[in-house]
There are 2 protein chains.
Amino acid sequence: MATPGSASWHAMLDSAQLILRDEGYGALTSRRVAECINVKQRLVYYYFKTMDDLIVETFRRLSLRELERLRHALASKAPLRHIWDVCIHTSDSRMISEFMALANRNDRLRKEVVRFIEESRAIQVKALRAALEGKSSVSRIAPAGLAIMATSLALSIMREKALGVNTGHRDVLAAINDFIAAAEPAKRART
Amino acid sequence: MATPGSASWHAMLDSAQLILRDEGYGALTSRRVAECINVKQRLVYYYFKTMDDLIVETFRRLSLRELERLRHALASKAPLRHIWDVCIHTSDSRMISEFMALANRNDRLRKEVVRFIEESRAIQVKALRAALEGKSSVSRIAPAGLAIMATSLALSIMREKALGVNTGHRDVLAAINDFIAAAEPAKRART
DNA sequence: GTCTATACACCGATAGAC
DNA sequence: GTCTATCGGTGTATAGAC
């Protein structure tokens, strides 16, 4: 259509994110997006051919920003610590749940999600491989296994926190902290 | 309203599950449910006062069945192995994604989900505590931490498998197998 | 780039007959 | 217990003026 990257374009994606987070994908409609930025519904279809396009583009912009944060953390002095910080402070868990649900039935979105998972995991594996080189005593699990454990736990902890469950969180966070301290003994920090 | 537990009642919950799994909560409508079991839309409102009630009841029935499986596994000869089997072969990950998304904005469902998480975790902790008694060398992580790791990983692996991602799965499954073998050295099995 | 107006489908929920 | 019929509301998407 026209003008990806313009002010209205970004405003629509911003609204889409907020609606997804606060009201769920069932509420992500062209009318609702338009209402959020005080324009008429018709304009949404000027920027996005279908609502499907809007959803895919919303995830795409979000995932590119997230990968940027991960690459920045990878290049830092304490990659493991900073990558974990990015994972545990990533986008709202409710919004992630919505994208997951959508990805199961939207093939274009699914491909974007798969791309994101694979790229982010590659960054994590790179950091873990470098940190664990010559330290076989820290973990017998391969870097790829540790990476999936990290993302999986970060997501579960965020989600349960949002639901109001806390059982076992302290234990897991302590274990992760110990692991990072052993693999990357540079400075001390709080989780 | 009337007759919870009757044939039509169960048929409606069965349909609701299938629709959630295959089409998402956006498609879970009274008309769609009625269509699936060849009755008219009006009948759904005879069994469930609102669509909200139908959703909550669908999760409730499912979670009670799941807890029953977990309790059965706990009472078996190899509790850790069997509980893990239940976790990794639980309800379809797409359906779980839908319930998660719904629970973030439906307070009655949220309470049911919290109850399920806490009860299932208690069962897992019980099994882990018993298995690890006097075996401090197997893991330094407390049982509650190990429980959240297990559920978290089972869900992530199922979800990624459904999406078509495999990176690191083999490593994680091997690690879990090793852990169970060390904590519960009874018989050998495949994961 | 932003608007008015509209076609057409589907939603939740209810009234009331049999 | 199951049906027909219907209300008011909201959804995607498009035509076309300014």
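Residue numbering restarts at 1 for every chain, and letters A, B, ... go by the order of the sequence lines. Just so it is clear, the structure is predicted and the values come from calculations on it, not from any experiment.
- As a whole-Å value, the separation of A/Glu35 CD from D/dG11 C1' is 14 Å.
- No contact: A/Ser6 has no heavy atom under 4.0 Å from any strand.
- Contact annotation: side chain of A/Arg31 to base of D/dT10, donor-acceptor pair absent below 3.5 Å.
- If you take CG of A/Asp52 and C1' of D/dT12, they are 12 Å apart, rounded to a whole angstrom.
- In this structure, A/Ile55 places its CD1 atom 9 Å from P of D/dT12, rounding to the nearest Å.
- At whole-Å resolution of the value, OH in B/Tyr25 and C1' in C/dC10 are 17 Å apart.
- One interatomic measurement links the two molecules: CG of A/Asn38 to C1' of C/dT2, which rounds to 14 Å at whole-angstrom precision.
- Applying the 4.0 Å criterion to OP1 and OP2 of C/dA13, one finds that B/Thr50 has every side-chain N and O outside that range.
- OP1 or OP2 of D/dA13 lies within a sub-4.0 Å distance of a side-chain N or O belonging to A/Tyr45.
- B/Arg121 is listed as a side-chain neighbour of B/Ile148, based on a closest heavy-atom distance under 4.5 Å.
- For A/Tyr47, counting side-chain heavy atoms from C-beta on, the closest listed nucleotide (C/dT2, D/dT12, D/dT2) is C/dT2.
- Dashed line: the shortest gap from a side-chain N or O of A/Tyr46 to OP1 or OP2 of C/dT2 is not under 4.0 Å.
- When rounded to the nearest whole Å, the span between CZ of A/Phe48 and P of D/dT14 equals 15 Å.
- Contact annotation: the side chain of A/Arg69 never approaches that of A/Ile83 to less than 4.5 Å [non-hydrogen atoms, C-beta and beyond].
- The side-chain heavy atoms of B/Leu70 and B/His82, taken from C-beta on, include no pair separated by under 4.5 Å.
- For the pair B/Leu43 CG and D/dT4 P, the computed distance is 11 Å after rounding to whole Å.
- In this structure, B/Arg108 places its CZ atom where more than 12 heavy-atom neighbours from other residues, nucleotides or ligands lie under 6.0 Å away.
- Each of A/Arg42 and A/Ala27 was assigned the nucleotide of DNA chain D with the nearest heavy atom; the assignment lying further toward the 5' end belongs to A/Ala27.
- For A/Gln41, the listed nucleotide lying nearest its side chain is D/dT12; candidates were D/dT12, D/dG1, C/dT14.
- Side chain of B/Thr29, nearest nucleotide from C/dG12, D/dC3, C/dT2: C/dG12.
- Using a cut-off of 4.0 Å between Lys/Arg side-chain N and Asp/Glu carboxylate O, A/Asp85 and A/Arg81 are scored as not salt-bridged.
- If you take CG of A/Leu54 and C1' of D/dT12, they are 13 Å apart, rounded to a whole angstrom.
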